[in-house]
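Beneath this line is the structure, given in structure tokens, with notes to follow.
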Number of protein chains: 2
Amino acid sequence: MIEIDDPADPRLDDFRDLSTADRRPDRPGGRGLVIAEGVVVVERLLASPYPVRALLGVRRRVEALGDGGRDLPAPAYVTSAEVMAEVVGFHLNRGVLAAADRAPRADLADLVASSRRLAVLEGVGDHENLGSLFRNAAALGIDGVVLGPGCSDPLYRRSVRVSMGHVLRVPFASMPDLPAGLELLRANGFTTAALTPRADAVGLADAGLRGRRVAVLLGSEGPGLTDLAIGAADLAVRIPMAGGVDSLNVATAAAIAFYAIA
Amino acid sequence: MIEIDDPADPRLDDFRDLSTADRRPDRPGGRGLVIAEGVVVVERLLASPYPVRALLGVRRRVEALGDGGRDLPAPAYVTSAEVMAEVVGFHLNRGVLAAADRAPRADLADLVASSRRLAVLEGVGDHENLGSLFRNAAALGIDGVVLGPGCSDPLYRRSVRVSMGHVLRVPFASMPDLPAGLELLRANGFTTAALTPRADAVGLADAGLRGRRVAVLLGSEGPGLTDLAIGAADLAVRIPMAGGVDSLNVATAAAIAFYAIA
């Protein structure tokens, strides 16, 4: 633990102007860092494969980590809440942060080969929905998430936070061409089930998915899956819903589907 | 439709300083109004039992309501986005608002007698979680929500918005003494099932709840249900979860339980 009082200290640069620090390096201001906020999420980052660069926090929160703040894998800068707020650019009330480098995404073929249950996303662009979906995937025994076209970056700070750090634990891979990519799943013995509110889809409980190797396809909250994705899946499944109600939030619909195939 | 250009016009008072207008009348600044934001939610308010007092919006959004903005049950004030922002106190990008008076909550005995599936909440104080829970209840066929001790007010603007207006459709009643109140449910033939992560609870799918008259008891996200509430329920049920994961968000857990008993 290293005490720092000067907000301009260059050792704190990883945490400067946090609202852009997590952007991909190809975006304005983006440094591509993975930022974890709060004791629980920082601990998940420490346990993850992402190489931790530094920690920053008030003493009480840093001491709540691991073995009383000892044996951390990177320097832990200790300061006041006021200096933290000045460095990051706004007031944070979680008291501790960690910054890590990105790591390569999982290889799609490896992820598919080693999983029994997968979520395959198309067009899930909302960072909070994406974070919630990872949290639900972690809780409900999904082995990995496959990001099809139009998905946002799960390592944005807001997704990391909303996921409670589970984007750092649940492996994810990219599938740039979704309909074609489903062949890889099929070749590995997966049944691909597209979740959609369409009336002609099979009720989730009647689809016989429980206990099988299943990939659930999920679309964004508004438009849902494309017809192309639904058509390419082995079957279309739906959650029975009351009339006159908009579809569920995508992370909630995903949670029900994950529960139903577990 | 009445054009108004002056943000100080007293006919717009229902929409003035919206950040406090929805507070209960016994709270500072509280007028106890029900505020709906956006076309979808305003339409749910128009279809609800809450007496609409006035609407405020930009012309395009007001004309998206009902029959081209005609036949509205209250005056619709049409103005610019800038005047709206000045009246409400911040920038709104939904373009239309409605204000209504509160109506008495449903009578608990009536709600129980007329329902087959209920959610009973204890200590759900977070307005967003409460709103999401109502949205999930509406989508998944729950007939009503019973608010036990420690629950927040579902008619706060944020709950109304997050619920997509479903707090205005799904009836709710108060149960000030939760363990004692469960007797009323039992007397009406309900099985009361407490949702808890406890290891000795029965798996949700194995509890034989489907098709029965069921009340699901749900606690707040952090502490969950009190031991008193769990002990007073007919059985304790759990969602099977992966190790090392925090419990699910309460609205998500509720959605899974609602799906499982449908």
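Naming: A, B, ... by sequence-line order, numbering from 1 per chain.
For B:Leu204, the parts lying near chain A are the backbone and the side chain together; criterion is any non-hydrogen pair under 4.5 Å. Both the backbone and the side chain of B:Ala255 come within contact range of chain A, each with at least one heavy atom under 4.5 Å from a heavy atom of that chain. At a 4.5 Å heavy-atom cutoff, B:Ala253 makes no contact with chain A through either its backbone or its side chain.
The greatest number of non-hydrogen atom pairs below 4.5 Å with chain A, out of B:Ala205, B:Ala260, B:Ala242, is found for B:Ala242. Chosen from A:Ile142, A:Leu248, A:Thr252, A:Leu140, the residue pairing most often with chain B at heavy-atom distances under 4.5 Å is A:Leu248.
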Carefully, step by step, assess B:Val52 and B:Leu45 under the rule side-chain contact (heavy atoms from CB on, under 4.5 Å). CA-CA 8 Å; B:Val52 179; B:Leu45 180 64; 4.1 Å; yes
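Residues B:Asp227 and B:Arg198 are paired through a salt bridge, judged by an N-O separation under 4.0 Å between the basic side chain and the carboxylate. At a threshold of 4.0 Å, the pair B:Asp234-B:Arg212 does not count as salt-bridged, since none of the basic side-chain nitrogens sits closer than that to a carboxylate oxygen.
Each of A:His127, A:Arg105, A:His166 was compared with A:Pro154 under the side-chain contact (heavy atoms from CB on, under 4.5 Å) criterion, and only A:Arg105 meets it.
Looking at B:Leu111 and B:Leu118, their side chains come closer than 4.5 Å, going by heavy atoms from C-beta outward.
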